[in-house]
Amino acid sequence: MIDILADLNPAQREAVEAADGPLLVVAGAGSGKTRVLTTRVAWLLQRGEVAPHEVLAFTFTNRAAREMRERVAGLVGAPAAPRWIGTFHATGARLLRRDGAAIGVASDFTIYDTDDSLRVVKRALERCQFDVQTLQPSAARVLISRWKNEGIAPTEAAGRAADPRERRVAEVFAVYEEELRRGNALDFDDLILRAVQLLAPGTAAQQKYARRFRHVLVDEFQDTNRLQMVLVKSLAQYHDNVFAVGDDDQSIYGWRGACIENMLEFEAAFPGARLLRLEQNYRSTGNILDAANAVIAHNRRRRGKTLWTAGAAGDCLTLGRVFDEEDEASRVVELVREELAAGLARGDVTVLYRTNAQSRALEDALRRATLPYQIVGGTQFYERREVRDLLAYLKLIANPRDGVAAARVLNVPRRRLGETTAERLRELADREGLSVGEAAARPGLLESALPPATARRARDFFDQVAAWRAAQADTPVPALLERIIAETGYRDWLAADDPTTAQARLENVDELVAAAHAFDEASQGGRLGGFLEQTALVADADALDDDQGVVRLMTIHTAKGLEFPVVVLAGCEEGLLPHLNALADDGGLEEERRLFYVALTRARRRVHLLCARARRRAGQRELADPSRFLAEIPAALLEPRDEALGAPSVAGQAWPTWREEPRRIRETQLAPAGAALQPGQLVVHPTLGRGVVARVEGEGDDLMVTVDFPEHGRKHLLARYAHLRPSR
DNA sequence: CTGGTCCCCGTTTTT
DNA sequence: CGGGGACCAG
């Protein structure tokens, strides 16, 4: 038997060997959190007092679940590894498939993702006859989701509504729930909410599972929400063995309902709970840690801890100020080349950013430089139209009541069953209190509601689906998928529909077929339901290529839990990081700061920070100030050092001068938004050309400049938008 | 019912 | 700049 405790430090060891009872491990970034968690599981099993099926572990992503499963298997052997390791959503789905009948959830329910759910909201809005213009479907969906996460039922929602708009959403909520029920579907929130209902105190299911799971472990505890906490409590009700690991400084999912109080008030939730801290960091250099510590110290709502390392201080963090996002992208290419020259591999460099939209400029530059790269996450594979179409066919086969799937493929490929027909079918179904699929299955019903020729086409469609359904039991998933593609002529349709995108879309179809084959092999002939479950709950971030050969690009959110030798953090600007939309409340700012902290602490050896003076947003070029977080990094840790950042400069003040020799900046340098502008000054405007400043009025954002252009006459320009540069 | 055009929208992060 | 929806003509 291997000594699983051999390489642990005292704090880690204490956590692993902790006695029964609730325990919160506050584990800083890079402190060996995953290691502690996996070793704890192995230790429990190795002592022989706990059987594999008595252990339940929650992770944040499927990737983390897989990793944990593999690592535990490595320690105790595959047969002895627990099977109940998964995300909250996957575990909720699993519990509901098994025992959902007790609360009226059929075992073959469909999972609606955010997009499906939005379609149902739109439909509900229509049924309530609310104007989509005044009540945005997406806003309604967010509110409904929030209510569900607070455990508020549709009947209670009206009472909770803060204004008339919310009262209308409450009405939509009720219809939405009815649509889900009729479609035999659960949305993401339901996977937790219904599991909580299933395991309510005193129920048979709670007796069963809370007794069985003698140990409940939770990873990334700082990002659990209220409902997930309730689920954990239900499951731990009997044995009271909750082993939670998290880092309040890395809580970055508040917008999704993550409740940092779960962590800050752990002892109140679990009386008698113990608390342990892991503060020794094994990942990053001293300088990176010092920078991260200094930044995060500005947050108020935290438990407080300080990471340290026994390792070397390492290199300074670098800061590059660039002209715009294109310049930034070229600088990223240069940085990659420099790292390659320093002996690192392409796969050692990861570029992080705040928003997915930032990836475009970076991709363009990397492609031009012929540097292979991979986007992790982003527009996800399973969100592509063609993939969703084909999955909708499979979903409709697995669950005839799935209304979203039926609506999606009714006329894809085109079979002359357009919106009018779809609407008639929905009306018919509503009248009968059935789903569209059920209504179509009733003899003669289609024919009663549609013109004869249309009814015939609709009948053909539903017959075709029924035939696939009949074949499903003894057709492997990949064969079924191929059959659908062939019999619908899907590939031809794709090619004809839009030749410019055909190739990429066909490749996606192939990739989906490949995924079906992979599933078939991995599950040894698994059922359709299993494949759909996987596609519904597996995110692209889970499919992080272990291929070390390419530069990787991802959002900071996606990077959570990962580590890389070199991190390039792009877009360190006010308005972007911290993001403008997050600044409304100060909790938002703290979460943005945690994002910055997460980004820094992903790096093992080096961090390169980039910030642009101007950035295109919604097609408009806008000036940007350096992120305030940059100024929170001690200057001694930054290279170059004389780039005094101070407080973000206000438009109208001089831009700081930079030692760094700008490459394109010199030619295209923005006018110091005002400072250098004075009557008589020669300036150049991007489109108006050369001119002479006649007058300067106002200040800050309102700084107005009057310029005489020889060819265009006198113009009044707002300095912050005019992009004037001084001319010699 | 389809295919085209136009316009408007908004662009944070994801299980 | 980009996609998605609304609107209109065949």
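A note on names: the letters A, B, ... follow the listed sequences, proteins ahead of strands, and every chain is numbered from 1.
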Provide, to the nearest angstrom, the distance between the [atom1] atom belonging to [X] and the [atom2] atom belonging to [N].
X	N	atom1	atom2	answer
A:Ile252	B:dT14	CD1	P	9 Å
A:Arg63	B:dT14	CZ	P	12 Å
A:Asn62	B:dT14	CG	C1'	12 Å
A:Leu562	B:dT13	CG	C1'	15 Å
A:Glu592	B:dT13	CD	C1'	8 Å
A:His557	B:dT15	NE2	P	11 Å
A:Gln228	B:dT15	CD	C1'	9 Å
A:Glu383	B:dT15	CD	P	9 Å

Query - Ring centres under 6.0 angstrom apart (A:Phe629, A:His298) - result: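 Ring centres of A:His298 and A:Phe629 not closer than 6.0 Å.
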Query raised in the report: Can you check whether A:Phe88 and A:Phe60 have ring centres sitting under 6.0 Å from each other?
Result: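 Between A:Phe60 and A:Phe88, which both carry aromatic rings, the centre distance is not below 6.0 Å.
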State, with a plain yes or no, whether a side-chain heavy atom of [X] is found less than 4.5 Å away from one of [Y].
X	Y	result
A:Thr91	A:Leu56	yes
A:Lys560	A:Glu220	yes
A:Arg594	A:Asn299	yes

Query raised in the report: Between which nucleotides of DNA chain C, read 5' to 3', does contact with chain A run, using atoms under 4.0 Å from its heavy atoms?
Result: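 Listed 5' to 3', the contact boundaries are C:dG2 to C:dG5.
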Requested in this report: Name the nucleic acid region contacted by A:Phe88, choosing base, sugar-phosphate or nothing; use a 4.0 angstrom heavy-atom cut-off, strictly under.
Outcome: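 Result for A:Phe88 = nothing.
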Query raised in the report: Contact class for A:Lys560 (heavy atom, under 4.0 Å): base, sugar-phosphate, or nothing?
Result: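 Answer is nothing: A:Lys560 stays at 4.0 Å or more from every strand.
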Requested in this report: Using the six-membered ring wherever Trp is involved, compare the ring planes of A:Phe188 and A:His89 and label them parallel, tilted or perpendicular (cut-offs 30° and 60°).
Outcome: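 The arrangement is perpendicular - the two ring planes meet at more than 60°.
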Requested in this report: Please work out which of the three classes, parallel, tilted or perpendicular, describes the rings of A:Tyr490 and A:Trp493, given edges at 30° and 60°.
Outcome: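 Aromatic pair A:Trp493/A:Tyr490 classed tilted.
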Query raised in the report: Any side-chain N or O of A:Thr558 under 4.0 Å from OP1/OP2 of B:dT13?
Result: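 No, A:Thr558 has no side-chain N/O under 4.0 Å of OP1/OP2 on B:dT13.
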Query raised in the report: So, is A:Asn356 close to the B:dT13 phosphate, meaning a side-chain N or O under 4.0 Å from OP1 or OP2?
Result: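 The answer is yes; a side-chain N or O of A:Asn356 sits under 4.0 Å from OP1 or OP2.
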Looking only at side-chain N and O atoms, does [Y] offer a donor or acceptor that is under 3.5 Å from a partner on [X]?
X	Y	result
A:Tyr176	A:Ser117	yes
A:Asp190	A:Tyr112	no
A:Tyr373	A:Arg367	yes
A:Asp108	A:Asn184	yes

Query - Flag if over 12 foreign heavy atoms under 6.0 Å of CD, A:Glu423 - result: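 Atom CD in A:Glu423 is crowded, with more than 12 foreign heavy atoms closer than 6.0 Å.
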Requested in this report: Summarise protein proximity over nucleotides 1-8 of chain B in one line of letters, 5' to 3': B for base, S for sugar-phosphate only, - for none, counting protein heavy atoms closer than 4.0 Å.
Outcome: SSS-----
Query raised in the report: Can you list the stems that DNA chain B is part of, where a stem is at least 3 pairs in a row, each Watson-Crick or G-U, with both distances below 3.5 Å?
Result: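 Runs of three or more consecutive pairs: B:1-8 with C:3-10.
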Query raised in the report: Given B:dT15, B:dG10, B:dT14, which nucleotide is nearest the side-chain atoms of A:Thr555?
Result: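 Per side-chain heavy atoms of A:Thr555, the pick is B:dT14.
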**Report entry** DNA chain B: 5'-proximal contact among A:Phe188 and A:Asn581 (nearest heavy atom)
**Finding:**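 The residue closer to the strand's 5' end, by nearest nucleotide, is A:Asn581.
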Requested in this report: Would you check if A:Trp255 stacks with the base of B:dT13, given a 5.5 Å centroid limit and a 30° plane limit, both strict?
Outcome: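 A stacking contact exists, since A:Trp255 sits close and nearly parallel to the base ring of B:dT13.
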